[in-house]
Amino acid sequence: MEQWYRTHVDQIEQYLSACFTEDRPWQALYTAMRYSLLGGGKRIRPVLTMEFSRIVGGNPEKALPFAAAIEMIHTYSLTHDDLPSMDNDDLRRGRPTCHIRFDEATAILAGDALQAAAFREVLSADLPEDVRCRAGLILARAAGEDGMVAGQVLDLAGETKPLTAEELEQVHKHKTAALIQAAATLGVIAGGGTEAQIGAASRFAKALGIAFQIRDDILDFEGDVAQLGKPIGSDVESGKTTFVTLYGLDRAKEMLQEQTEAAKAALIGAFDDIDGLLWLSDWLLERKY
Ligand code: GRG
């Protein structure tokens, strides 16, 4: 991992580590929230927020609440996705999932509270009110009924019937790419970037999000359980449509390459100092976890 990425991750983890530490009579909730939030993970989405803020000239300290909010939404989605009523997974990031470590009600409530805390972070950031409001709206749209949750609904429906190529794209545009797009655009907004830069960040992140999902499908097919920290083969086993099952492994790898190139192209001309983001795009192309 490159030093710039590590620097962002350290700042983000320090910020997240200070969350939900107060002594409360409902300590069990805070414990579960911290268990899910601080259990590792690549921190790709908040790193995007921090890096986009930096490359448009923002102060990283000011972008941190937006970055934390994105990671809280992501963590809530994973916690709920692992529940028995959804993916029913026992392992996440190499550790027992939240409902296994605690219990189902606690995992549901920890996810609920993380989602609300994300909006509290955005709305109470030390940034102008119009910036906070705009960021809150973008995050709500990306996470909610026409965003990530819609993607999850389409994804669950896809477990019972094969999906067409268009339907598969719809799932991943909503389930995976929407939050990655919000992560990038919130960074530009926090850093005071232009409208053109918001558009470019969004196009970059949409292609990166699709690439990210294709890689996820490839890893489910040929990944290493120990490196991934979660089981593999579940997609094929359940008959679920993925980029690999629909297009075959070779075509999926080509599509991954194409989306990565499209992502990188969106940055050219819109931003200076894009070396980190170009490296990140290539790193995600080859990621093993
Ligand atoms: C429950 C509303 C709701 C939504 C769930 C995010 C999600 C939607 C489901 C998780 C399953 C999945 C394969 C999602 C696609 C996005 C994805 C690959 C998430 C994993 O993200 P990483 O690899 O995870 O960034 P880490 O652990 O590194 O944070």
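When a residue number appears, it is its place in the shown sequence, counting from 1. Computed from a predicted structure; not experimentally measured. Computation of the quantities below employed the complete heavy-atom set of this structure, encompassing side-chain atoms and omitting hydrogens, waters and symmetry-equivalent molecules. Every number for a ligand or one of its atoms is a count from 1 in the order of the listing.
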Enumerate the atoms of ligand 1 whose separation from the nearest heavy atom of [X] is less than 4.0 angstrom.
X      : answer
Gln213 : 15 (C), 16 (C)
Leu78  : 10 (C)
Val149 : 2 (C)
His80  : 1 (C)
Gly41  : 26 (P), 27 (O), 28 (O), 29 (O)
Thr176 : 15 (C), 16 (C)
Asp216 : 13 (C), 18 (C)

Would you say ligand 1 has an N or O under 3.5 Å from any N or O of [X]?
X      : answer
Gln152 : no
Lys42  : yes
Arg93  : yes

Given side chains that start at C-beta, do those of Ser281 and Phe204 come closer than 4.5 Å, heavy atoms only?
->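 A side-chain contact exists here, since the closest heavy-atom pair is under 4.5 Å.
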To the nearest 0.1 Å, how far is [atom] from its closest protein heavy atom, and which atom is that?
atom                    : result
atom 9 (C) of ligand 1  : Asp81 CG, 3.4 Å
atom 19 (C) of ligand 1 : Arg45 NH2, 3.8 Å
atom 7 (C) of ligand 1  : Ser77 OG, 4.0 Å
atom 2 (C) of ligand 1  : Tyr76 OH, 3.5 Å
atom 12 (C) of ligand 1 : Lys175 NZ, 3.5 Å

Any side-chain donor near an acceptor of the partner, [X] and [Y], under 3.5 Å:
X      : Y      : answer
Thr106 : Asp103 : yes
Glu121 : Tyr15  : yes
Gln11  : Thr7   : no
Gln14  : Asp10  : no

Taking the inter-plane angle between the rings of His80 and Tyr76 on a 0 to 90° scale, is it parallel (under 30°), tilted (30 to 60°) or perpendicular (over 60°)?
-> perpendicular
Would Arg287 count as a cation-pi partner of Phe212, with NZ or CZ less than 6.0 Å from the six-membered ring centre and within 45° of the ring normal?
->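 Yes, a cation-pi geometry.
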May I ask you to establish whether Arg251 and Phe243 are in a cation-pi arrangement, using a distance under 6.0 Å from NZ or CZ to the six-membered ring centre and at most 45° from the ring axis?
->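 No; the conditions do not both hold, so Arg251 does not lie above the ring face of Phe243.
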Nearest 0.5 Å, what's the CZ-CD1 distance between Arg43 and Ile70?
-> 13.5 Å
Looking at CD of Gln152 and OG1 of Thr176, how far apart are the two atoms once the value is rounded to the nearest 0.5 Å?
-> 9.5 Å
Indicate, with yes or no, if Met86 and Met148 share a hydrophobic cluster defined by side-chain heavy-atom contacts under 4.5 Å among Ile, Leu, Val, Met, Phe, Trp and Tyr.
-> no
Does ligand 1 have an atom under 4.0 Å from some heavy atom of His74?
->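 His74 counts as a contact of ligand 1 under the 4.0 Å cut-off.
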Take every heavy atom of Tyr289, measure it against each atom of ligand 1, and state whether any distance is under 4.0 Å.
-> no
